[in-house]
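Here's the structure, in structure tokens; my notes come after.
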Amino acid sequence: MTNVSHRRLLQAATTGILTLVLCGISPLFAQTASFTAGGFTLRAENGGVIAVIAAKGERREAGLTTEIEGLTNARPVQVSVRSGALELVHTLADSSSGRRCTVIERFSKGNDETSLHWEVEIRGEGSPWSSPIHTKVLYHPNTATRFWTAWSNPNDDGEPEGKGNGWGNPLTEIAVPDRRFYYGAPYFKLDQPRIGFSPTGGNLISLPLASFLQPEKDTGLSVIFSPKDPLLDMTLDVSHTGSADFTQYFQRLGSQRILHYSIDLVNHEADWRGPLRWMVDQYPTYFNPALPIAQHLGGTSAYSTFEGTVDARKFHEMDFKTNWKASFDFPYMGMFLPPTDSGRWTRFAGDSGGKVNPGQENARGSTSIAQMADYSARMRKQDFYVLNYFNVTEFGAGIVFPKPPLKSSSAELWKDPNAWLYQRLSAALLLAPKGVKGVSEGHPYYTWGKGVILDCGEPSYQKFLLEQAKRHIDKLPQSSGICIDRMDWLRFYNQKADDGQSWFNNAPARSLYHSWHDLMSKLLPMMHNSGKVVFVNNHLKRIDLLQNIDGIFDEFGSHPASLNLTAFLTLKRPALGWVNDEEVIRKDPDGFFQRSLLLGTFPMAPFPGNDHSLTPSPWVDQEFLTYGPLMKALDGRSWVLTPHAIDVDRHAAQANVFSTPNGLAIPVVFGGNATSVRVTLRAAPHTIASIDAVAPGVAQPLPVHQTRHGENLILDVPLRRGCAIVRIK
């Protein structure tokens, strides 16, 4: 932004009302125009487009720009008002490379009275090319301004895979920082591919938004990208000066593609609930489970191979609900239900190299479709649920590359993963381009059991996956659905294919994000129409990948960063969280459980046969039984996003509000040594049938004293171990 246009921002701010200045790429305008939309009054002039909105007498300003790295204005910006929108047309060029494009920005009324809709259309010229695309917001903060986004940690703990073991409450609003955030995960780089990426760092966001809040006037402004658009990789750079720069990478530009994406500016209260409420209302299919039955799976969980008898009463007291059947029922990765209805097969027992030690070939025994179906039926009789293992990017075991001699007959082809891969699915094999650190050019990426990575957008592999899903539906009627593992591979690009939208490594490619969307458009209706839910283990934390997904089973759920990211993706659907081992809990038992209660997530239970995760012991079993009643109080929960829904007097504890089938559930946590705290619940229900509190280690519900002040309810909440959940029917 030029100094001239910045001075105009300051001059505009003297009007005594909330002022937003929407600037084009250049202050050169061929004409002036004014326009009103969604409570914003827009006025295009030399030096900028000014949008004015009255908001409690507050004065704020922001400049919005769309920029493409390396390109500048080739002619003055054209301004017009047409079809209910203020339109700016920029002609951009780079004289050294010869690249040219037209950027069209349209500002119009949003879907409600609080928002302004901002559409961007980029029409490239010539042969395909790509350059980072910046959507910049220049907000003008004061000393009171606070910042919030859907982050893994409000405190800066370094790189996206930093150790970040300390938990930062993600519901905290902070002074505007100097930080870079990655949307979901860092983008793929040849010299830093981050193979096996884990969401454990503090610089990640799971929702594409940035919020500037003014507590002194109770106003807030959020910038929110639409998850419906073809988003690839994106970063968010924030500066204490008030700038927020959303940068998109690897989008293809050129004469054969017109790129569209959209952003909304949303006015709301000075509360993190404002942008969340707006996103949930505007994009419900990205937050709600497609099947309401999915909420019944919300509770403590397992990733277990165990098929024997368990103490059902004990596990119900722990609020146990769901076993994601650990990934060993298949003979090898990808062949989840072999094409044999009556025979048995040996479960895969290979190590990380895909080899089986002599004498250990049958280490995990054998199974059959009948046995798998019987297990699901027995679990349902005990009011438990089973999710079967599924994976859409990893295939095989002990895969040899290049293609080895193949001897399998067609009837026995499925028993040999190399034969099945090379005779049926070889076109989907994801091969590394030149320069990928740690992987030879033209070679596959290997994963656990020496399986390989396949592109689920390739028709042959996609057909195979859909056939596997159909067998699941037909052969396992009492299973509740599937959980899809390892979405971190979706960061990669397949340079053997072309999706018409991606441009990676200076060449056409198919983004596995697009492959995922293509597969899910077919897989999800198939599963849902059969009453089967689809959960995901999404190492890659992005809302745009979760349309119509029913829930999350987070393999990193005991890691604070991943827990926070998952919470914002499961505002209306269940969140099940992994626990590595007992030591994770022993470090701080109350902190472990109370973080989950505050965010409405459910940790893994100590279940027999849990694979590389929490197993039973007298101590940990008792901890889960102690907190079991509190977790039960959150069954079927959805976040309540009413403005300033709850406050704790003197910040003596932390609290959140959820709606449940039984009413409201209010976790009050981290109260330290206090035996009670006073809580203000806003927009409380007018009719209350009952109110009490459940606390850890207390057999009977505790009374809660209440006083009503208008729409607010003042609650004196008793605490034990610094914690309680208030239940209001």
Side-chain angles (χ1 to χ4, degrees), residues 169 171 298-300 313-321 585 588-603 605 619-640 642 644-709 711-729:
N169 182 355
L171 310 183
T300 65
R313 180 177 178 181
K314 171 185 173 182
F315 282 100
H316 280 300
E317 290 177 359
M318 294 182 183
D319 196 35
F320 179 80
K321 296 291 180 59
I585 305 174
D588 181 9
D590 291 325
F592 171 85
F593 285 102
Q594 292 177 31
R595 284 195 297 270
S596 287
L597 294 174
L598 180 69
L599 300 178
T601 65
F602 296 94
W619 180 85
V620 78
D621 286 6
Q622 185 55 53
E623 288 298 305
F624 271 81
L625 291 170
T626 296
Y627 273 93
L630 285 78
M631 291 184 284
K632 281 186 178 182
L634 294 181
D635 285 356
R637 96 295 178 274
S638 291
W639 289 52
V640 171
T642 304
H644 303 297
I646 194 164
D647 280 326
V648 180
D649 193 29
R650 299 191 304 276
H651 306 289
Q654 298 173 24
N656 204 351
V657 186
F658 300 96
S659 63
T660 76
N662 296 318
L664 295 180
I666 304 171
V668 182
V669 298
F670 298 114
N673 295 323
T675 58
S676 69
V677 294
R678 176 160 288 185
V679 169
T680 299
L681 176 66
R682 293 183 173 83
H686 292 283
T687 303
I688 296 178
S690 66
I691 182 169
D692 61 20
V694 288
V698 180
Q700 298 299 320
L702 300 172
V704 176
H705 180 265
Q706 56 172 305
T707 306
R708 186 175 289 276
H709 290 281
E711 295 293 316
N712 298 336
L713 201 62
I714 311 302
L715 306 174
D716 290 312
V717 181
L719 303 181
R720 301 294 183 271
R721 295 174 65 167
C723 173
I725 289 190
V726 178
R727 302 180 300 187
I728 300 178
K729 293 185 179 180

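What you are looking at is a predicted structure, and each value in this text was computed from that prediction instead of being measured.
- For the pair Pro718/Val704, a side-chain contact is recorded, criterion being any heavy-atom separation below 4.5 Å from C-beta on.
- By the 4.5 Å heavy-atom criterion applied to side chains, Val677 and Arg650 are not counted as neighbours.
- Within the model, atoms CZ of Arg727 and CD1 of Ile691 stand 11.0 Å from one another, a figure rounded to the nearest 0.5 Å.
- Closest approach of Val657 to Ala645, counting heavy atoms only: CG2-CB, 4.3 Å.
- The main-chain N or O of Pro696 is never found under 3.5 Å from a side-chain atom of Thr626 such that the two would form a donor-acceptor pair.
- Between Val679 and Val726 there is no side-chain heavy-atom pair separated by less than 4.5 Å.
- Rounding to the nearest 0.5 Å gives a distance of 6.5 Å between CZ of Phe320 and OG1 of Thr300.
- Taking both residues in full, the closest heavy atoms of Pro701 and Asp692 are given as CB-OD2, 3.5 Å, listed atom of the first, atom of the second, then distance.
- The closest donor-acceptor contact from the side chain of Gln654 to the backbone of Phe670 lies at 3.5 Å or more, if one exists at all.
- Residue Leu664 forms a side-chain contact (heavy atoms from CB on, under 4.5 Å) with just one option from Ile688, Ile646, Val640, and that option is Val640.
- Between Gly298 and Lys321 the shortest heavy-atom distance is O-NZ, 3.2 Å.
- The distance from the OG1 atom of Thr707 to the CG atom of Leu713 is 8.0 Å, given to the nearest 0.5 Å.
- Counting all heavy atoms, side chain and backbone alike, Leu634 lies closest to Gly600 at CD1-CA, 4.2 Å.
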Can you check side-chain contact (heavy atoms from CB on, under 4.5 Å) on Ile666 and Leu715, steps first, answer last? CA-CA 11 Å; Ile666 304 171; Leu715 306 174; 4.3 Å; yes
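- In this structure, Ser596 contributes its side chain and Pro603 its backbone to no donor-acceptor pair below 3.5 Å.
- Residue pairs meeting the ring pair (Phe, Tyr, Trp, His ring centres under 6.0 Å) criterion with at least one partner in residues 644-665, sequence neighbours excluded, are Trp639-Phe658.
- Residue pairs meeting the salt bridge (Lys or Arg N to Asp or Glu O under 4.0 Å) criterion with at least one partner in residues 661-680, sequence neighbours excluded, are Arg678-Asp716.
- Using modelled atom types, no side-chain atom of Lys729 and backbone atom of Gly663 make a donor-acceptor pair closer than 3.5 Å.
- The backbone N or O of Leu598 sits less than 3.5 Å from a side-chain atom of Asn656, completing a donor-acceptor pair.
- Val717 and Ala724 make their closest contact through CG1-CB, 4.1 Å (heavy atoms, listed as atom of the first residue, atom of the second, distance).
- Using a 4.5 Å cut-off on side-chain heavy atoms (C-beta onward), Leu681 and Ile728 make contact.
- In this structure, Ile725 and Ala665 approach most closely via the heavy-atom pair CG2-CB, 4.2 Å.
- In this structure a side-chain-to-backbone donor-acceptor pair under 3.5 Å is present from Lys632 to His316.
- In terms of modelled atom types and a separation under 3.5 Å, the side chain of Glu623 and the main chain of Phe593 share no donor-acceptor contact.
- Note that the CG atom of Asp647 and the CD1 atom of Ile714 stand 9.5 Å from one another [nearest 0.5 Å].
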Stepwise side-chain contact (heavy atoms from CB on, under 4.5 Å) test for Asp621 and Met318: CA-CA 8 Å; Asp621 286 6; Met318 294 182 183; 3.9 Å; yes
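- Atom CD1 of residue Ile585 and atom CZ of residue Phe624 lie 4.5 Å apart, to the nearest 0.5 angstrom.
- Side-chain N/O atoms of Asp590 and Tyr627 include a donor and acceptor closer than 3.5 Å.
- In this structure, Asp635 CG and Thr660 OG1 are separated by 8.5 Å, a value rounded to the nearest 0.5 Å.
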